[in-house]
Undergrad: 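Handing you a structure now.
Every chain is numbered from 1, with letters handed out A, B, ... down the list of sequences. Owing to the predicted nature of the structure, the values given are computational and were not obtained by experimental measurement.
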2 protein chains.
Amino acid sequence: MSSVDTPTPEPGTRMRSGDRREQLLAAATAVFGERGYVGATTDAIARAAGVSQPYVVRTFGTKEALFLAVLGRALDRMLVAFRTALAADDPATSATARISAAYVELLSDRGLLLSLMHAFVLGSDPVIGAAAREGFLCVARFLREEAGLDPEEARAFLAYGMLLNTLVGVRMADLYETDAAARELLDAAMPTKIDLLLRIRDAEKR
Amino acid sequence: MSSVDTPTPEPGTRMRSGDRREQLLAAATAVFGERGYVGATTDAIARAAGVSQPYVVRTFGTKEALFLAVLGRALDRMLVAFRTALAADDPATSATARISAAYVELLSDRGLLLSLMHAFVLGSDPVIGAAAREGFLCVARFLREEAGLDPEEARAFLAYGMLLNTLVGVRMADLYETDAAARELLDAAMPTKIDLLLRIRDAEKR
DNA sequence: GTCTATAGGATGATAGAC
DNA sequence: GTCTATCATCCTATAGAC
């Protein structure tokens with residue numbers, strides 16, 4: 001896991017606090033997405049951001065608070081992307097299709113969807129679980145109330161979203177060229193956006 | 001997390017090695033399902049099984065090997081359940097419907113689906129990721145080759161399966177009575193089996 | 001704002017008795 | 001087969017200098 005975003009500044013370089021915070025959140029999102037909440041270490045996040053480990057902890061207070069901030073940022077970005085997609089006047093495509101395209105685009109934000117996914121499977125954790133439930137419901141409410149989907153459409157959207165998350169998390173694209181079942185699955189799940197997925201995969205090959 | 005399965009035997013009680021192995025796997029499945037691979041400790045698994053921590057490690061060699069054994073057992077049980085459901089001569093229902101019912105029944109096996117889910121989101125791990133990909137593909141191949149689903153049916157089954165896993169993992173049922181969006185979501189996702197989900201939830205309330 | 005040094009607590013794994 | 005004792009490692013968080 002090398003640095004994230006903007007090239008790592010020289011150690012000790014000062015930065016405006018908002019920028020630094022965003023840089024740390026982006027790095028943390030990538031690392032949490034890859035290793036999960038418990039598996040990600042504050043040290044790995046610090047290295048990804050090019051700062052010291054204690055600084056990461058200092059900035060957010062605790063690792064848990066950092067993860068909650070990552071989740072909040074991920075949810076914000078998702079809803080912004082959805083609202084933007086809905087607002088675009090493209091009468092030819094359905095609301096579901098537009099939101100789906102915006103969802104897939106979120107894959108470019110490294111670790112964003114997977115950090116959420118890791119949170120979703122930690123429902124037993126008193127703090128993270130509560131945040132994860134609220135985040136999931138926030139999306140569900142958006143689909144019903146703002147996007148105007150009916151219950152069945154909302155359920156279908158969420159189901160295919162979870163399948164996409166899972167296929168990305170398990171790195172099924174690693175087998176795209178070598179396994180027929182993997183290829184069929186990815187082609188079925190991402191009819192138009194396979195190229196995006198493979199590009200992201202190759203960018204992450206280390 | 002108290003003991004699992006059969007009442008905890010007195011410390012030091014000997015057991016036939018096959019039985020003991022199954023007991024440890026059941027306990028490990030529950031703990032891994034709840035806390036994930038990294039978050040689950042061999043100590044918590046040992047306590048859930050009523051044995052000592054070193055014994056758990058000794059029996060499987062490493063925590064990683066234990067997790068792989070849990071995944072293998074989960075996959076075996078899933079495929080057995082699917083094949084049984086297919087074999088039952090119930091011409092009234094489709095293959096998808098019969099397999100779906102069998103899938104939901106797997107929720108009774110505590111932590112089984114969630115342990116798989118935790119593995120699925122750890123695709124970056126060289127060992128666990130490879131096992132997770134193979135496990136997922138194993139199910140996908142079963143759906144296409146043995147169950148006779150077409151690509152779109154298989155994709156739909158997997159998508160709703162991942163949504164179910166996520167709703168269980170995030171413990172959405174905890175909000176069933178208090179949040180309208182949660183209730184609508186669960187009612188849509190589990191039209192017939194809400195009672196099973198709520199029963200399992202209440203059984204796990206500690 | 002950011003770093004170095006380090007305390008303090010858990011955790012996976014090993015050794016060896018019974 | 002199973003336990004007790006213990007080691008070595010890793011990791012979050014704190015203290016304090018610059």
Undergrad: Check whether A:Phe60 forms a cation-pi arrangement with A:Arg21 (NZ or CZ under 6.0 Å from the six-membered ring centre, at most 45° off the ring normal).
TA: no
Undergrad: Do B:Arg20 and B:Thr59 have side-chain atoms, one donor and one acceptor, less than 3.5 Å apart?
TA: no
Undergrad: Roughly, in whole Å, what's the span from CD1 in A:Ile45 to C1' in D:dC10?
TA: 15 Å
Undergrad: Under 4.0 Å between a side-chain N/O of B:Thr41 and OP1 or OP2 of C:dA10, yes or no?
TA: no
Undergrad: Could you state the atom-to-atom distance from CZ of A:Arg35 to C1' of D:dC10 in whole Å?
TA: 13 Å
Undergrad: Tell me the interatomic distance from A:Met15, atom CE, to C:dC3, atom C1', rounded to whole angstroms.
TA: 15 Å
Undergrad: Tell me: CD of A:Glu22 to C1' of C:dG1, nearest whole Å?
TA: 18 Å
Undergrad: Going by heavy atoms in the side chains, are B:Ile194 and B:Asp187 under 4.5 Å from each other?
TA: yes
Undergrad: What residues, two or more places apart in sequence or in another chain, satisfy side chain to side chain contact (heavy atoms under 4.5 Å, CB included) together with B:Val104?
TA: B:Leu107, B:Leu164, B:Met190, B:Lys193, B:Leu196
Undergrad: Ion pair present between A:Asp202 and A:Lys205, side-chain N to carboxylate O less than 4.0 angstrom?
TA: yes
Undergrad: Any idea which of D:dT4, C:dG1, C:dT4 is nearest the A:Ser52 side chain?
TA: C:dT4
Undergrad: Are B:Arg155 and A:Glu184 close enough for a salt bridge, meaning some N to O gap below 4.0 Å?
TA: no
Undergrad: Just checking B:Ala40: base, sugar-phosphate only, or nothing, at a heavy-atom cut-off of under 4.0 Å?
TA: sugar-phosphate
Undergrad: Taking for each residue the nucleotide of DNA chain D with the nearest heavy atom, is it A:Asp43 or B:Gly18 whose nucleotide lies nearer the 5' end?
TA: B:Gly18
Undergrad: To the nearest angstrom, how far is A:Phe67 atom CZ from D:dC11 atom C1'?
TA: 17 Å
Undergrad: Should B:Thr59 be listed as having a side-chain N or O under 4.0 Å from OP1 or OP2 of D:dG1?
TA: no
Undergrad: So which protein N/O to nucleotides 13-17 of chain D N/O distances come out below 3.5 Å?
TA:
| unit_1 | atom_1 | unit_2 | atom_2 | d |
| --- | --- | --- | --- | --- |
| D:dA13 | OP2 | A:Lys63 | N | 2.8 |
| D:dA13 | N7 | A:Gln53 | NE2 | 3.1 |
| D:dA13 | N6 | A:Gln53 | OE1 | 3.0 |
| D:dG16 | O6 | A:Arg58 | NH1 | 3.3 |

